[in-house]
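Model, not experiment: these values are computed from the prediction. Letters A, B, ... are given to chains in the order of the sequence lines, protein chains preceding strands, and every chain is numbered from 1.
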Number of protein chains: 2
Amino acid sequence: MFLSKTFGYALRGVLYVAYIDKEGRKVQLDEMAEKLKVPRHFLAKIMKLMVKEGIMQSTKGPYGGFSLNEHTLKTKLIQLVRITEGVEQFNTCVLSLRKCNSQNPCPLHQQMLELRDAMLAEFSAKTLDDLLNSDDPDFIKSIATA
Amino acid sequence: MFLSKTFGYALRGVLYVAYIDKEGRKVQLDEMAEKLKVPRHFLAKIMKLMVKEGIMQSTKGPYGGFSLNEHTLKTKLIQLVRITEGVEQFNTCVLSLRKCNSQNPCPLHQQMLELRDAMLAEFSAKTLDDLLNSDDPDFIKSIATA
DNA sequence: TTTATAAAAGACCTATACGTCCTTTATTGA
DNA sequence: TCAATAAAGGACGTATAGGTCTTTTATAAA
């Protein structure tokens with residue numbers, strides 16, 4: 001239910017890079033995969049996608065790795081959802097009725113609309129920077145699994 | 001995102017049966033699949049499951065079909081979720097962190113908790129009967145797709 | 001007791017999310 | 001210019017949700 005693993009990995013990945021970036025260094029896939037306990041090659045695919053979408057940066061070769069760019073911290077969660085699974089999902093009926101809308105609402109339309117709007121609002125407002133500024137001394141631990 | 005097709009088909013299926021039951025007749029798969037625009041054999045699988053779980057009734061042979069039993073209308077939406085996809089999903093972290101909890105919350109823990117609790121409350125309170133008593137003259141249309 | 005009807009059972013197929021692996025390209029320093 | 005490093009590219013494999021098909025079992029009426 002709710003969001004895909006891809007989204008979760010993407011968010012944790014970019015947050016990790018942002019966190020380490022404050023120490024002034026880049027991050028390599030090997031380190032990320034190990035620290036976040038995420039399948040390395042799968043993470044590679046997701047990071048590549050985020051770079052392609054312009055929300056972060058990468059350089060190849062020795063001393064290369066992933067780092068922030070001017071957009072990263074301003075990126076909204078909803079953009080990450082769009083990149084990893086497409087936002088249309090926020091607008092589809094719980095009962096997969098194509099013609100469900102306020103004129104012809106399914107029996108769950110109203111309740112779901114409220115919840116979805118709340119979630120959409122949350123994800124549209126919150127940026128990666130917001131999540132990073134939680135002042136949590138255990139921030140890294142909070143995005144790792146083990 | 002959110003709920004599976006199986007859940008949607010299950011809900012619409014049982015609501016259709018309940019609605020027709022008021023006319024004092026049973027419903028066959030062929031009719032349901034056609035009216036609800038749902039794959040017939042897939043729906044069969046789902047209806048069978050609901051019968052096995054005891055939330056409705058079926059009889060084979062001529063004049064057979066699906067009908068309500070004493071539990072049907074009292075069934076809560078959350079039970080339908082449990083039957084079709086398992087409720088553990090309501091408790092898993094958006095970032096798929098196994099160790100995400102109030103002591104060690106992921107960056108999205110609090111917001112997601114609230115949304116999920118709202119949804120859980122909604123689904124735990126609402127029964128099929130509640131949905132049926134919407135006094136919608138177009139009720140059948142509202143659960144059909146075409 | 002035979003025939004028609006309708007669900008139950010279960011084998012099978014398909015698409016997609018999730019995950020792995022290998023090769024290529026870019027970058028660095030010796 | 002060579003060797004090492006690290007991401008990019010893309011083929012491939014696996015598990016599961018979603019969907020189809022055929023056979024079996026139960027029931028009703030003639």
How long is the line joining NZ of A:Lys37 and C1' of C:dG19, in whole Å?
18 Å
Residues A:Arg25 and A:Glu31 bridged, charged N to O under 4.0 Å:
yes
Which nucleotide wins on minimum distance to the side chain of A:Phe42, given the candidates D:dA6, C:dT20, D:dT20?
C:dT20
So, are A:Glu53 and A:Arg82 salt-bridged, with charged N and O less than 4.0 Å apart?
yes
Considering just the side-chain nitrogens and oxygens of B:Thr59, establish if one lies under 4.0 Å of OP1 or OP2 belonging to C:dA7.
no
Nearest-nucleotide 5' precedence on DNA chain D, A:Lys52 against A:Pro62
A:Pro62
In whole angstroms, how far is the P atom of D:dT14 from the NZ atom of A:Lys5?
18 Å
Nearest-Å distance, CG (B:Leu3) to P (D:dA17)?
14 Å
Checking D:dT20, C:dA8, D:dA8 against the side chain of A:Lys60 (C-beta onward), the nearest is D:dA8
Taking the side chain as everything from C-beta on, heavy atoms only, tell me whether B:Ile46 gets closer than 4.5 Å to B:Phe42.
yes
Rounded to whole Å, CG of A:Leu43 lies from P of C:dG19 at a distance of 11 Å
Would you indicate which nucleotide in D:dT20, D:dA6, D:dG10 comes nearest to any side-chain atom of A:Lys48?
D:dG10
Between atom CG in B:Asp30 and atom P in C:dA7, what is the gap in whole Å?
7 Å
Which part of the nucleic acid, if any, lies within reach of B:Val27 when heavy atoms closer than 4.0 Å are counted: base, sugar-phosphate only, or nothing?
sugar-phosphate
Atom-to-atom span, CE of B:Met32 to C1' of C:dA6 - whole angstrom:
13 Å
So, are A:Asp30 and A:Arg40 salt-bridged, with charged N and O less than 4.0 Å apart?
yes
Contacts of B:Thr6 and B:Gly61 projected onto DNA chain D by closest heavy atom; the upstream (5') one is B:Thr6
At 4.0 Å (heavy atoms only), tell me whether B:Phe7 reaches a base, stays on the sugar-phosphate, or touches nothing.
nothing
Less than 4.0 angstrom between a side-chain N/O of A:Tyr63 and OP1 or OP2 of D:dA4, yes or no?
no
Would you kindly give the CG-to-P distance between A:Leu49 and D:dA7, to the nearest whole Å?
16 Å
Quick check: on DNA chain C, is the nucleotide nearest B:Lys45 upstream (toward 5') of the one nearest A:Pro39, or the reverse? Name the residue that is more 5'.
B:Lys45
Candidate nucleotides C:dT28, C:dA8, D:dA7, ranked by approach to the side chain of A:Ser58 - the nearest:
D:dA7
For the pair made of CD1 in A:Ile46 and P in C:dT20, what is the distance, rounded to whole Å?
11 Å
Any carboxylate oxygen within less than 4.0 angstrom of a Lys/Arg side-chain nitrogen, looking at A:Glu122 and A:Lys76?
no
